[in-house]
Number of protein chains: 2
Amino acid sequence: MNIKEIAKLANVSVATVSRVINNSNSVKESTKIKVLKVISDHNYKPDAIAKSLRKKSTGIYSIIFSVNTDKIFEADYSQELVQGALSYFSKHELKLIVDTHGNQKDLINYYKSIIDSKIVDGFVILDLRENDPRIDFLNSENFPYIVIGRNSKNNFNYIDSDNESGAFTAIEHLYQKNCKNILHIAGNKNNPVVDKRIEGSLKASKLHNINMDILYSDFSEEKAFEIYLKNKEKYDGMFFESDKMAIKILNEIKKPEIPMIGFDNIMLSKYFDLTTINQNIFEIGYNAAKNLHKLSQGQKINSIIIPTDLIERGSTNL
Amino acid sequence: MNIKEIAKLANVSVATVSRVINNSNSVKESTKIKVLKVISDHNYKPDAIAKSLRKKSTGIYSIIFSVNTDKIFEADYSQELVQGALSYFSKHELKLIVDTHGNQKDLINYYKSIIDSKIVDGFVILDLRENDPRIDFLNSENFPYIVIGRNSKNNFNYIDSDNESGAFTAIEHLYQKNCKNILHIAGNKNNPVVDKRIEGSLKASKLHNINMDILYSDFSEEKAFEIYLKNKEKYDGMFFESDKMAIKILNEIKKPEIPMIGFDNIMLSKYFDLTTINQNIFEIGYNAAKNLHKLSQGQKINSIIIPTDLIERGSTNL
DNA sequence: CTGAAAGCGCTTACAG
DNA sequence: CTGAAAGCGCTTACAG
């Protein structure tokens, strides 16, 4: 069943059927009703591929995980992000291709080949680096994309967590739990996310006149554990920039010895009764999809910062 | 840059360019070289949508999660499955649309609309039910699909875990840990997966002359905990049909009082030091993708049973 | 081994 | 308000 057959059955031209399907307003009401009846009687559904070829747009978007295929969804992060995006896309009859590409070397070529194949209308970009070749490439191609996260350039549209206020809240929460001497165990240097968090924690420590030191762990669970062991006597509270680091320690020591707060609110954190800063990753994914959709339709959009919130649990109530 | 421009630049017809692209063997070597040079010089990549329209096939597959959008990937299961499938698809330049549909009521219409829109070449079917309307529908449409799991009809191609031998191994492992009086906490009745596991556990208990009882928990963590409390004195070993149930108990009692073994090997099980039966879900996803690809190309395929394996941890080494 | 031409199923300017 | 026709970018039988 195609548009030609429908046209014949309804005694109109294919052009008219097309106008009815696409709700063009220049169709006489009686014609429209007649055509719609034939369409519904025959359960006709237009061929999306043929439509895409004409319209130069498919309604399909893509997110490419640039990691070894083995561990795409290792972080809860990716799952929730995809869920959020799917929530928007499915509401709007759009589709999402989830894809992987392992080799950093020819990543740009991979993006290029997908653009050239005309299969997708836009990308969600993950794992942004400070100097990310994908940005320059996509900008030069003038191809729609939304970045999850920011860097110091921000010559792109992004959706990001409010890392600064998240870290601010973490330190303030420790302060409210009577910590006056806090260790902030940060991720790695030259990481825009980490920099934002440090801005936030410094702001809170200054505001409340708290002594706070910062050490870098590179997000390594082992390194974090070493730092913990070496410093647990010197501080009366610790802020970890990832739940995973805090959980590594809780898993070793069983009961927290000083108040500890994490970041991310991964699934495990509930089991370890870890107080943490929740990133609303679902929201991030949802808004990334929404802005990408708008962008690919030529609408003007603004980057969005999604608030974080405090999840208070036992690790700061000793 | 399209096929017409390439043809002009190479001084051949578009038909010849097409033949070169698709490796048709009836092209003179020198022509082929000439055309390939122009293609590579201009970084030409064929329009996949136009190709799809002609070939009636897109190289795109879909997996539809029939749950509330909120919790698609709640189970580790779904993530690993998708990873496995992506591993195959990306190797073969195929794409996977991850999709969701909440409303059971018009699920068949949703499948139908996707088939009619011609966007995908096949489906991976999840959450199979004993009487699953999707099966009858897809069979009647003669549309390619692969089912994850089995039911008692099996009028379809499937990939499934070896639940029977998994349960057999679980009981045998408890037996080797000197359990002679075992409780098998099963899922729900009329569930093909659960039935297979019961077959397996009965086989092992008969073989080794172990006393074994079976109680149904409906996979409820609370119910499992009640069953545990009521029965922990009566048995010297327990087999839980899901890690989640066993972990609920370990989380309450902290240290196992009798040997306990789970099923699934979810991420949490490592943290709770739970011995469990690992399903090779990545393998299941990979093989589902592979068979779906073959099937949609008209090749003959066979259903596959993927072996499970024992992950021995502390909960059976007290 | 190669080309001219038809056609996949749509949409959309153009004309009336 | 509607239709005839062109065209999106490919592939493939057909003919030579």
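First the proteins, then the strands, lettered A, B, ... as listed; each starts at 1. Both backbone and side-chain heavy atoms feed into the values below; hydrogens, waters and symmetry mates do not.
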B/R129 side chain vs B/N151 backbone, donor-acceptor pair below 3.5 Å: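 Judged by distance alone, no pair lies under 3.5 Å.
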
Using a cut-off of strictly less than 4.0 Å, decide whether [X] has a side-chain nitrogen or oxygen near OP1 or OP2 of [N].
| X | N | value |
| --- | --- | --- |
| A/T31 | D/dT2 | yes |
| B/N22 | D/dT11 | yes |
| B/K55 | D/dT12 | yes |

Could you state the [atom1]-[atom2] distance from [X] to [N], rounded to the nearest angstrom?
| X | N | atom1 | atom2 | value |
| --- | --- | --- | --- | --- |
| B/K8 | D/dG9 | NZ | C1' | 15 Å |
| B/K56 | D/dG9 | NZ | P | 17 Å |
| A/I21 | C/dC10 | CD1 | P | 7 Å |
| B/K4 | D/dG7 | NZ | P | 8 Å |
| A/I3 | C/dG9 | CD1 | C1' | 8 Å |
| A/N2 | C/dT11 | CG | P | 12 Å |
| A/R54 | D/dC10 | CZ | P | 15 Å |
| A/K118 | D/dC8 | NZ | P | 11 Å |

Atom pair CG/CZ of A/D132 and A/F137 - distance to nearest 0.5 Å: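 Answer for the CG-CZ pair, A/D132 versus A/F137, is 12.5 Å.
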
B/N287 CG to B/K294 NZ distance, which is reported to the nearest 0.5 Å: 9.0 Å

For A/Y44, all residues meeting side chain to side chain donor-acceptor pair (under 3.5 Å), sequence neighbours excluded: none

Parallel, tilted or perpendicular: ring planes of B/F282 versus B/Y286, cut at 30 and 60 degrees: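 Judged by the thresholds at 30° and 60°, the geometry between B/F282 and B/Y286 is parallel.
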
Parallel, tilted or perpendicular: rings of A/Y111 and A/F123 (30°, 60°): perpendicular

Between D/dT12 and D/dG16 - C1' atom distance, rounded Å: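 It works out to 16 Å between them.
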
B/N22 and B/K55: side chain donor to acceptor below 3.5 Å: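 Result is no, nothing qualifies.
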
Exercise: do A/N157 and A/Y145 side chains pair donor with acceptor under 3.5 Å: no

Set of residues satisfying ring pair (Phe, Tyr, Trp, His ring centres under 6.0 Å) with respect to A/H92, sequence neighbours excluded: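 Ring pair (Phe, Tyr, Trp, His ring centres under 6.0 Å) list for A/H92, sorted by chain: A/Y88, A/H293.
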
First encountered from the 5' end of DNA chain C, between A/M1 and B/E29: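 Nearest nucleotide further toward 5': that of B/E29.
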
Pairwise side-chain contact, B/I63 with B/F65, heavy-atom cut-off 4.5 Å (strictly under):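 Yes, at least one pair of side-chain atoms sits under 4.5 Å.
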
Heavy-atom side-chain proximity of B/I306 to B/Q279 below 4.5 angstrom: no

Dot-bracket notation for DNA chain C, counting Watson-Crick and G-U pairs under 3.5 Å, with | for partners on another strand: |||.||||||||.|||

Strand-adjacent residues in residues 10-19 of chain A, judged by heavy atoms under 4.0 Å from DNA chain C: A/A15, A/S18, A/R19

Contact residues, residues 38-52 of chain B to DNA chain D [heavy atom, < 4.0 Å]: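 Heavy-atom contacts with DNA chain D come from B/Y44, B/P46, B/D47, B/A50, B/K51.
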
Within residues 18-40 of chain B or reaching into it, pairs that qualify as salt bridge (charged side-chain N to carboxylate O under 4.0 Å, His left out) - sequence neighbours excluded: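 For residues 18-40 of chain B: B/K37-B/D41.
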
